[in-house]
Amino acid sequence: MDNGRYDFNAIEKKWQDYWLQNKTFKTPNGAPLRPGQPKPKPNPAARLENRPKYYVLDMFPYPSGQGLHVGHPEGYTASDIVARYKRMKGYNVLHPIGWDAFGLPAEQYAVQTGTHPAVTTQKNIENMRRQIQALGFSYDWDRQVDTTDPAYYKWTQWIFLKFYNSWFDPVLQKARRIEELPIPENIRSGGPKAIQKYINDHRLAYEAEAPVNWCPALGTVLANEEVVGGVSERGGHPVIRKMMRQWMLRITHFAERLLEGLEGLDWTESIKKLQQDWIGKSVGAEVDFQVDGHKAAIRVFTTRPDTLFGATYMVLAPEHPLVNQITTDEYKKSIENYKLEALRKSDLDRTDLAKEKTGQFTGAYAINPVNGSKIPIWISDYVLISYGTGAIMSVPAHDERDFEFAKTFHLPIIAVVRPADEALANQVEKGTCCFVGDGTAMNSGSFNGLSTLEFKEKITAWLEKKGLGKKAINYKLRDWLFSRQRYWGEPFPILHTEDGQTLAVDEKDLPLELPKMEDYKPSESGEPPLSKAADWIHVTLADGTKAKRETNTMPQWAGSCWYYLRYLDSTNKQAAFDPAAEQYWMPVDLYIGGAEHAVLHLLYSRFWHKLLYDLGYVSTPEPFQKLVNQGMILGEDNQKMSKSRGNVINPDKVIADYGADSMRLYEMFMGPLEAVKPWSMQGVEGVHRFLNKTWRMIVDPENGGLQAAVQEVEGDEDTLRILHQTIKKVTGDIEAFAFNTAISQMMIFVNHLSKQPVRPKHALKKFVLLLSAFAPHIGEELWQRLGQTKTLAYEPWPTFDPQLAREKEVELALQINGKIKDRICVSADASESEIEQKVLAHPKVQAALNGQKPKKIIIVKSRLVNLIV
RNA sequence: GCCGGAGUGGCGGAAUGGCAGACGCGAAGGAUUCAAAAUCCUUUCCGGUUCACCCCGGGUGUGGGUUCGACUCCCACCUCCGGCACCA
């Protein structure tokens, strides 16, 4: 202790060592409940494995070379507070951590420096583990996982094979084993090759020649989600479109399940909304338009079948398969040119500012099925080949994009929906304005006069009866591009035989280890680095067949899709996890992490989980019951932290200067967990002063013993009241994730008690238990100095007595006509008539009343009295 | 453009429809000290009046509304942050 500061360095080191050496937070798996068996009550006296479970999960960190930034401890501290709190409440708490260690940054770094990514990765893990341990989080370190460890990725590959060996049954809406796929007779008659192709076409992991986002600088393809505004999310390199053979996962088949599953989850509505929008369900109809003079029909998807009568032209995506067939000779050249142009355009050109519509007439016409009119067929890149049917009917009067296109190319506009607003209706009818809302049908033959809603139903039924169309549902969600042309990822357990067959590696031969390579640089041609591993790549099967290994690797998402399951049983060599452990621990009760994973990671994980659920490996349909997103921490200048701005706060430095407890406490005191908030070093000093003051409240800085004021006494009424109010507030605030206000209340407690010449020891002990969830090192130390010998981690959480927490006297605001005139003190349990009497006798009230009776008296218990005169 | 979230002192923030500004930071003054650090005490929303105490008025992005009473609920608008972005 110097300058009134406690020796946080020594104390924090001491307790971190203690926790590690004693494996204080080692968590046993309990036995799963049998159906009908009552849930055990939280009880700190029960054996750990007999207690009810609570699974608190932090989002999987990537062990980057930069190490921890101040955003990490924010979520980790919040989850650690809950973990420690629940443990003291008598739960068996699973609180693990691990490393999402495959991925681009380590590999990019390796390519630049020549150090193997395996080496850098282990170094980074070491460093981050040191940093995380220096913050005193109560992780069970024996459950640590590392996605780059073959003992881990063995099971990532195993799950991949589950995808490969499954199909999606649209009737049951679930994944099933590929052996159970019914083969239709017409396929069966086509022979083994046809059957094999049929099976391959139904696998949930499949190969496809697909237009991909190729990033030449990174030497890999990227998922749509990894491309932001035409450049790579990591590094900001340009991305172009290219056709390549790729592995895909059929997430689209799970769209409906992924949507429905959100309903029961305790996530914020805004995160659910993000996922819903990403999945992008829309209900409408598919309608066939005959091409004039051809046998072919063009199928379109529309959410507005009620506007069919207003379809004045059609547009196909440039990549649409019918384009060549229907284009007339006269337009062949122009169409070819347009297609080339569209192909050359990057996503950036296609979507960004250049909103001006382009297109080309094919020379062909289609017949509008509802009224037989001949309408021209165009192609344009505003129609996407990857959504719906890649073709649309254009209703310029009632769709903004079609309206713009029609204006550009002078195509006819026919209004078929009349808005309620007269002025607007006139404009729409004249074709000078586009109306996309609901209204009344017009120019629609026998359907005239129907409301939009009714019309939609009637016309869909009508189309179906005539065999011209049917109800249809579309999703924005695309299948997941699952392969990368990089070295540092899980190899696919897949073989390609010389005769072009694809085979899965046998489960018993997993893990398929990543070969050690000296040259792991990506190539600009798109040939993956693994193709250079000559020894590894060539395989001779038992029957003598020669085969080559798949040389793509899995994306970084793969390992993080199921890590929360491996924690349950991280050292299991026989299985990914023991079913009993899964049934005991799942689902995750609380998942804390950044909102940047709102769609991707959380959607992918849920998708994997649903496959495992369908196949019977996990018992819950959803993995993460409650989700909380911590907000970003900005620099002291209120800007995003970045090296170039020079406003990055280094957690190591903060810990060195103020200690881990101050760091933890400050991050929680800054404001609400979910809020975006700026860092303040002076704020850190503030909470640090609070911890010093707490220390001095109990420990005498002169001799290191207890303060003389600390005595075995019951304590006065005020002290007891504040103690019980504090227990109440802190407990409730932890449950509500309002950590900032919990800390305020602890400050109020310390401010009060520090002034007391006599400080009851029992109150201090209870307070230390509360504090220990937030600041565990000083908590343990004070607990010990107060005469305890064991760690406080499993001490029962203090309870409060509502009687003792209650104020005896309360101050009421005295309002006359809603304006505060004075304050009066009454006893907390004063009756309304007592209060009324006291109020009426008040001089200011008498003056205001001027002898008359008040119109109305409103009394709000313990709050105020409002007199209406 | 569309969809979310948020606007409260000098700053971070607090307030089941009921005393706006808890708690912390900063600032000012004082105590302690040879001096400083640390600590402790007092003041600190704005304006007016008088600062001796008080007293009066205004105030939660802007403008309306509901209510005895609105930071809180409703309508319109402005600003900032985040997400999506031709998904028919």
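First the proteins, then the strands, lettered A, B, ... as listed; each starts at 1. Quick note: numbers below take in every heavy atom, side chains included, and nothing from hydrogens, waters or symmetry partners.
- Counting only heavy atoms from C-beta on, K819(A) has its side chain closest to G58(B) among C19(B), G58(B), A14(B).
- One interatomic measurement links the two molecules: NZ of K755(A) to C1' of C40(B), which rounds to 10 Å at whole-angstrom precision.
- Here G26(B) is the nucleotide among G12(B), G26(B), G18(B) with the atom lying nearest to any side-chain atom of Q682(A).
- Put simply, CD1 on I858(A) is 11 Å from P on A70(B), counting in whole angstrom units.
- Pair assignment for U50(B): none, as no Watson-Crick or G-U wobble contacts are both less than 3.5 Å.
- Summarising the geometry, the separation between CG on L308(A) and C1' on A88(B) is reported as 12 Å, rounded to the nearest angstrom.
- Separation of the F669(A) and F690(A) ring centroids does not fall under the 6.0 Å cut-off.
- When heavy atoms are screened at a 4.0 angstrom cut-off, V860(A) is found touching base atoms of the nucleic acid.
- Residue D277(A) has its side chain nearest to C3(B) when only G24(B), C40(B), C3(B) are considered.
- The nearest whole Å value for the distance from the CD atom in E674(A) to the C1' atom in G13(B) is 14 Å.
- Relative to the six-membered ring of F405(A), K357(A) misses at least one condition, a distance below 6.0 Å or an angle of at most 45° to the axis.
- Heavy atoms of I392(A) sit under 4.0 angstrom from at least one base atom.
- Defined by atom type and a distance below 3.5 Å, a donor-acceptor pair is missing between the side-chain atoms of D718(A) and H752(A).
- Remark: E263(A) CD is loosely packed, at most 12 non-hydrogen atoms of other residues, nucleotides or ligands lying under 6.0 Å away.
- Note on K677(A): only backbone sugar-phosphate atoms sit closer than 4.0 angstrom, heavy atoms only; bases stay farther off.
- For K272(A), the NZ atom is densely surrounded, since the number of other residues' heavy atoms within 6.0 Å is greater than 12.
- The distance from atom CZ of F749(A) to atom C1' of C23(B) is 16 Å, rounded to the nearest whole Å.
- Comparing atom distances between the N866(A) side chain and each of C25(B), C23(B), G69(B) picks out G69(B) as nearest.
- For G69(B), the glycosidic angle deviates from 0 by more than 90°, giving an anti base.
- Residue E596(A) contributes atom CD, which lies 15 Å from atom C1' of C81(B) at whole-angstrom precision.
- With rounding to whole Å, W278(A) atom CH2 is found 18 Å from G4(B) atom P.
- If you measure from atom OH of Y666(A) to atom C1' of G13(B), you get 11 Å, rounded to the nearest angstrom.
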